[in-house]
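First comes the structure, then the notes that go with it.
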Amino acid sequence: MTIDILLADDEELVRAGLRAVLEAQGDLRVVGEAADGSEALALARRLRPHVVLMDVRMPGVDGLAATRELVRDGTAPGGYAPKILVVTTFEIDDYVYRALRAGADGFLLKRTRPAEIARAVRLVAAGESLLFPAQIRRLAAGQGNREAREAMARAALTERETEVLRLVARGLTNGEIAEQLFLGVQTVKTHVSSVLAKLGARDRTQAVIAAYESGFVAPTD
C-alpha cells in the first residue's frame with residue numbers, strides 16, 4: 001500500500017528535503033505541502049493523507065492548534081483524521097509534549113537520518129507509535145498528578161495488560177512485544193486494544209502518556 005503524506009512546515013527548504021527523502025521510497029508519496037497550520041488543515045481535509053508531518057512552530061495557526069483540529073475532525077460521526085507525526089528542531093520542547101498530549105501520534109527530529117524518517121512514517125501509518133526521547137518521557141512524568149493515578153487505578157489492568165503497556169511505553173512494536181512475551185501478534189493487538197479501552201485512550205501514544213503521567217511507568221524504566 002502506498003502511504004500518502006502531507007508536509008506542514010513554514011520552511012520551504014525543509015519541505016523540499018523531506019519530500020526528497022520520502023519520495024525516494026517506493027511506498028511513500030507526498031500529496032501536498034503546507035506552509036502553516038491553516039493551510040495544513042485545509043489540505044488535510046481535502047486530500048485525506050494517511051500521515052501528516054507537522055512542524056509545531058509555524059506562523060499563524062501553529063502545529064499544536066492544527067493537531068487539535070485534525071484530532072477533533074476524527075471524533076465526529078464519519079469523521080476522518082490522519083496520523084500526525086510531529087517534526088521539530090528541538091528535542092527538549094514543551095510544545096512537542098503538548099502536541100503529543102493533544103493527539104499527535106509520534107515525534108521526529110528534523111535531523112533524523114533519512115532511513116529513520118521513512119521508518120517513522122510507516123510505523124505511525126500502521127498505528128504503532130514511536131519511542132519518545134528521554135526528555136519527552138521526563139516531561140510527561142513531570143505532569144503526574146492524583147487524577148492520573150486514580151484513572152490508572154480505575155482501569156484495573158490485568159497482569160498481562162500491565163506487561164503489554166510497559167512494553168508499549170518502551171516503544172516496542174506489536175511484533176517485538178509478541179516476541180518478548182511469547183505471544184501471537186494478534187493476541188498482542190487484542191491486549192493493546194483492551195488497554196486503550198480501559199484507559200479511554202485514543203491510541204497508543206495517549207496510553208503511553210497516561211502511563212508516564214500516572215507514574216505507572218518511570219522515565220528510567
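Along the sequence shown, the residues carry numbers beginning at 1.
Scanning all heavy atoms of the two residues, the minimum distance from Gly106 to Leu85 falls at C-CD1, 3.5 Å. For Pro59 against Ala35, the heavy-atom pair with the smallest separation is CD-O, 4.4 Å. Of all heavy-atom pairs between Ala120 and Leu108, the closest is CB-CD1, 4.0 Å. Residue Leu6 comes nearest to Ala40 through the heavy atom pair CD2-O, 3.6 Å, listed as atom of the first residue, atom of the second, then distance. For the residue pair Ala104 and Thr205, the shortest heavy atom distance occurs at O-CG2, 3.4 Å. Residues Ala102 and Leu64 come closest through the heavy atom pair CB-CD1, 4.1 Å.
One finds the CD atom of Glu159 at 11.0 Å from the CD atom of Glu161 (value rounded to the nearest 0.5 Å). For the atom pair CG (Leu199) and CG (Leu165), the distance works out to 6.5 Å, reported to the nearest 0.5 Å. Between the CD atom of Glu116 and the CZ atom of Arg111 there is a distance of 13.5 Å, given to the nearest 0.5 Å. Note that the CE atom of Met152 and the OG1 atom of Thr162 stand 8.5 Å from one another [nearest 0.5 Å]. Separating the CD atom in Glu163 from the CG atom in Leu183 is a distance of 8.0 Å, to the nearest 0.5 Å. To the nearest 0.5 Å, atoms CD (Glu33) and CZ (Arg19) are separated by 4.5 Å.
Counting non-hydrogen atoms of neighbouring residues, nucleotides and ligands closer than 6.0 angstrom, the CD atom of Glu23 exceeds 12 such neighbours.
Counting only heavy atoms from C-beta outward, the side chains of Arg160 and Leu181 approach each other to under 4.5 Å. Contact of the Val168 side chain with the His191 side chain is not registered, since no non-hydrogen atoms from C-beta on lie closer than 4.5 Å. Considering only heavy atoms from C-beta on, Leu28 comes within 4.5 Å of Ile3 through its side chain. Using a 4.5 Å heavy-atom threshold, the side chains of Arg57 and Asp62 count as separate.
Val14 is not connected to Val52 by any chain of hydrophobic side-chain contacts under 4.5 Å among Ile, Leu, Val, Met, Phe, Trp and Tyr, and they are in different clusters. Grouping the Ile, Leu, Val, Met, Phe, Trp and Tyr side chains by contacts below 4.5 angstrom, directly or via other members, places Met54 apart from Phe107. By the rule that hydrophobic residues join a cluster once side-chain heavy atoms approach within less than 4.5 Å of another member, Val124 and Met1 end up as members of one cluster. The cluster map of Ile, Leu, Val, Met, Phe, Trp and Tyr, joined by side-chain heavy atoms under 4.5 Å apart, puts Leu7 and Met58 in different clusters. In terms of hydrophobic clustering, with Ile, Leu, Val, Met, Phe, Trp and Tyr side chains grouped at heavy-atom distances under 4.5 Å, Val217 and Leu167 are assigned to a common cluster.
Salt bridge status for Asp9 with Lys110: present, with a side-chain N to carboxylate O gap under 4.0 Å. A salt bridge is defined here as a Lys NZ or Arg NE, NH1 or NH2 lying under 4.0 Å from an Asp or Glu carboxylate O, and Asp105 with Arg202 meets this definition.
Only one option out of Asp27, Val21, Leu53 pairs with Val121 in a side-chain contact (heavy atoms from CB on, under 4.5 Å); it is Leu53. The residue from Leu47, Ile5, Thr2 that alone fulfils the side-chain contact (heavy atoms from CB on, under 4.5 Å) condition with Val31 is Leu47.
Formation of a donor-acceptor pair under 3.5 Å by the Glu176 side chain with backbone atoms of Thr173 is found in this model. The backbone N or O of Asp4 lies less than 3.5 Å from a partner atom in the side chain of His50, making a donor-acceptor pair. In this structure a side-chain-to-backbone donor-acceptor pair under 3.5 Å is present from Arg166 to Phe216. Although no hydrogens or angles enter the test, the distance criterion places no donor-acceptor pair under 3.5 Å between the side chain of Ser194 and the main chain of Thr190.
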Side chain to side chain contact (heavy atoms under 4.5 Å, CB included) between Ile117 and Leu18, worked out: CA-CA 9 Å; Ile117 293 174; Leu18 287 171; 4.1 Å; yes

Side chain to side chain contact (heavy atoms under 4.5 Å, CB included) evaluation trace for Arg204 with Asn174: CA-CA 11 Å; Arg204 295 165 72 102; Asn174 289 339; 2.6 Å; yes

Residue pair Arg149, Glu213: steps toward the side chain to side chain contact (heavy atoms under 4.5 Å, CB included) verdict: CA-CA 8 Å; Arg149 291 191 294 272; Glu213 286 187 344; over 6 Å; no

Evaluation steps, side chain to side chain contact (heavy atoms under 4.5 Å, CB included), between Val61 and Asp36: CA-CA 6 Å; Val61 178; Asp36 58 41; 5.8 Å; no

